[in-house]
Amino acid sequence: MSAESMTPMVKQYLRIKTIYNDAILMYRVGDFYEMFFEDAEIASKLLDITLTSRNKNDANPIPLCGVPYHSVELISQN
């Protein structure tokens with residue numbers, strides 16, 4: 001995927017992911033926490049949720065899965 005074809009959201013996600021590359025990044029999009037790329041592939045199996053994709057008609061669709069934000073109990077690592 002070229003940098004020119006990435007949306008600002010995907011660019012931000014990838015920047016954050018470089019900092020937390022050893023964790024599954026849950027990115028808040030509206031009412032959902034969404035996971036992309038390899039995180040989505042891993043999380044969809046672990047959580048038994050549907051793996052879909054962003055930009056399905058693109059030559060390189062981005063793997064995607066998500067859960068409603070209100071159903072997630074976040075654990076702080078402070």
Do Met6 and Leu14 come close enough that some side-chain heavy atom pair is under 4.5 Å? yes
Apply the side chain to side chain contact (heavy atoms under 4.5 Å, CB included) test between Met35 and each candidate in Leu25, Ile24, Leu64; give the one that qualifies. Ile24
Checking [X] now: which residues fulfil side chain to side chain contact (heavy atoms under 4.5 Å, CB included) with it, not counting sequence neighbours?
{"X": "Thr18", "value": "none"}
{"X": "Ile19", "value": "none"}
{"X": "Pro68", "value": "Phe32, His70, Ser71"}

Where is the tightest heavy-atom contact between Ile49 and Gly66, given as atom of each residue plus distance? CD1-O, 3.8 Å
Grab the two heavy atoms, one from Cys65 and one from Ala43, that are nearest each other, plus how far apart they are. SG-CB, 4.0 Å
How would you list, by chain and number, every residue that makes a ring-ring contact (aromatic ring centres under 6.0 Å, His included) with Tyr27, sequence neighbours excluded? Tyr13
Walk me through whether Arg54 and Phe37 qualify under side chain to side chain contact (heavy atoms under 4.5 Å, CB included). CA-CA 10 Å; Arg54 184 175 170 85; Phe37 301 103; over 6 Å; no
Which residue pairs satisfy the salt bridge (Lys or Arg N to Asp or Glu O under 4.0 Å) criterion with at least one member in residues 22-39, sequence neighbours excluded? Lys17-Asp39
Do Leu51 and Met26 belong together in a cluster built from hydrophobic side chains that touch within less than 4.5 Å? no
Non-neighbouring partners of Thr52 that pass side chain to side chain donor-acceptor pair (under 3.5 Å), sequence neighbours left out: Lys56
Tell me, yes or no, whether the heavy-atom count around Asp48 atom CG, taken from other residues, nucleotides or ligands under 6.0 Å, exceeds 12. no
